Amino acid sequence: MALVTSAQRQRRRIAALLTPGLTWIALAYIVPGALIVVYSLLTPKLGGGVIWELTGDAWDEITSKGRRSDADWGTLGSAAVRALAAAAIATLPLVAGARYLRRSARGALVVATALGGLAGINHLASSYNNYTAVFARSVVWSVWATAVCIGLALPLAVFISSRRSRITKNALLVAVMIPFWTSMLVRTFAIRFVLSNTGPLNNAIESLGLDRQVFLNTRFAVLLGLVYTALPFMVLPLYAAIERSDRAQMEAARDLGAKPPQVFLDVFVPLIRPGLTVGSVMVFVLSVSQYLVPTLLGGGKTNMIANLLDLQFGEAFNWPLGAAVATLFSLITILSLYFVVGRRDGADLL
Amino acid sequence: MTHESSDASTGERPERGSVTLQGVTKRFGKTVAVDSIDLEVKPREFISLLGPSGCGKTTTLRMVSGFEEPTSGRILISGADTTGVPPHKRRVNTVFQSYALFEHMTVAENVAFGLRVKGFDKSTTATKVAEALDLVRLAQFAQRRPAQLSGGQKQRVALARAIVNEPEVLLLDEPLSALDLKLRQAMRHELSRLHDELGLTFIFVTHDQQEAITMSDRIAVMDHGRIHQLGTPSEIYERPASRFVADFIGETNLLEVIGAGHSGGMPAVRMATGELVPLAEADNGSTVPDRKLLLAVRPQRVTVTAADQPSEPDQAAVAGQMAELLFLGDSTRATVMLADGSQVVALRYNDAGHHPFGQLRPGDPVTVGWSRDAACVIED
């Protein structure tokens, strides 16, 4: 009897501890989330809000072919060509480095297929309707931002991790995180100033005797902003993964005759794989929902999903359409998270 | 104090599997990890670098494998100078202390790694991997991952992964230190068997004197970056060349004595308590110079008899008082206090129901003795 009571008490205590968190999740995520799905099926009210009449108009709008769309069999064909071309370009270094890549061939093939597929889908989506075009743009740029972040963060994390003194390591890590301590709005305006036609960058270019360039309101500016904002989210998990990795395994690989590129691909990358996954997911999710960067650095010309949402809820007063976009966006994010993280690395995360 | 073997510089063509260290020094900043070491490892020899942690043995090993470059001096492997040769180009392989198995690969993939990166074709690799796994008796574990293996099995995978590459020299960095006692003893036999079957040069780093003594052809006892003594296990055990070696290898009675020339045609020393103790005839003559020395006697060779019993001729006989008798299960340990306050320890195996030190009890006056070939003198 005593056992049963103690088990019951235990259960009651767990329930008491979980209640605030679960209530919060319900109020902050589940209820609004469900509301968004419901709104996407209602009739827009002029001036904002919804009329409680069921309709599929919003979903029709974002899923049907656009009025000015040139999507047809030709588009499908050229999308396929682009996909193949992108895959081939991604495969080239693989063939060139075949000596080193025998083991990594499968991984590289996956990357090539993914990039090719992305290029093809992007082409299709861009020419289908305005909404799919914005989705595709957001995804593609976020993929690019993720790739650039990996390229920049990996050497940085290796460098920080290879410092001998604990103090130096911490100082460098803090330096990586310092931008977080300033308001994101202020930071983005600062970049705007640096990139502007009369800003320091263009002044430097002119002092070299070259013509001033337009940086602001270009794709370059948006990509730069995305990378700048998300970089620490790649550096920190990579650093943690490198710190935790068993360096003796890399020595063992060299001892067994592996050349430095083989050590990198066959041992180092698998060792830091959990960090790569976490960093990539964080950078991608942060970038794909970016609002400030495309608004302030892209000049509102190159919209991403958040700009589309702002437009529908804020200016066009078509709440159901905005809700449909938001629902689709959440679905894509959750599904991609599930496929990337949920399967294998989920367990080793952090 | 380095006792070099004599075939170091006879001008013969060095054989495959030899390792030569010539004046090798390694400094890390101001610390001298390895201090001008000379060592000649013969082909197919099982040599141990034995010493306490921080004595420079692992650094020495890492210089042979190429993970550290000597600050000065040079290392020859199979007669070829290795200066500037990176680890992956050296024909040596290492069994690491922490095993360092690739966690994301199966046992078979781990063993195949060295062959794969060197470009062996698939069928050759598969054959060699199977052979190597057979050799370490792990064939049925080929598809497991390292996380699914016990410590001893991981150790054998690490061995297979190294020897499958047919190195000229196998380096073992404290490979048994992470195993429990029983497994360690089993692995000692396993290593000796592999050494016999493979005919490779083994350089074995350990801080465990028992391991070194049971497996090695020769032992280099190291401390503070130097080799204190190089010799066969029995030479090291019976004739320690320094106080450090005598102390480090097993238990030894170290007694302060003074050289006393000779007594009755035999070299002799005088104990601090005044007794004259005869020694076995040394290689370099039959007198001991008149200066302070240390006399080393193993406890197993010390006899303790009642003071009123006559001692045997030719034996050391020193008066003392029984201080302590300690029953150790398989043996009994007697501590005898000499007149000058120094202690002599004697160790005897227990015969069933038979006290190894007879009727002697603590407090009894006794005579400790040892035959003259049981003792050796050490320069202090």
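Since the structure is predicted, the reported quantities are computational estimates derived from the model, not experimental observations. Letters A, B, ... mirror the listed sequences (proteins, then strands); counts begin at 1.
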Region of [X] in contact with chain A, defined by heavy-atom distances below 4.5 Å:
X        : value
B/Arg91  : neither
B/Thr94  : both
B/Asn93  : both
B/Gln97  : neither
B/Leu101 : backbone

Heavy-atom cut-off 4.5 Å, strictly under: side chain, backbone, both or neither for A/Asp255 against chain B? both

Please examine the side chains of [Y] and [X], heavy atoms only from C-beta on, and report whether any two atoms are closer than 4.5 Å.
X        : Y        : result
B/Phe102 : A/Leu256 : yes
A/Lys259 : B/Lys89  : no
B/His88  : A/Val263 : no

Please name the pair of heavy atoms, one in A/Arg254 and one in B/Phe67, separated by the smallest distance, quoted to 0.1 Å. CB-CE2, 4.1 Å

On a heavy-atom basis, which atom in B/Phe96 and which in A/Ala252 lie closest, and how many Å separate them?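 Nearest pair, atom of B/Phe96 first, then A/Ala252: CE1-CA, 3.5 Å.
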
Take B/Arg62 and A/Glu251 through the side-chain contact (heavy atoms from CB on, under 4.5 Å) test and state the conclusion after the steps. CA-CA 11 Å; B/Arg62 287 174 63 82; A/Glu251 280 199 349; 2.8 Å; yes

Nearest 0.5 Å, please: how far is NE2 in B/His104 from CZ in A/Arg273? 10.0 Å

In Å and rounded to the nearest 0.5 Å, what is the CZ to OG distance from A/Arg247 to B/Ser98?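 A/Arg247 CZ to B/Ser98 OG: 13.0 Å, rounded to 0.5 Å.
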
Enclosure of B/Leu181 CG (heavy-atom neighbours >12, cutoff 6.0 Å): yes

Out of A/Ala248, A/Pro260, A/Gly257, return the one with the most heavy atom pairs under 4.5 angstrom to chain B. A/Gly257

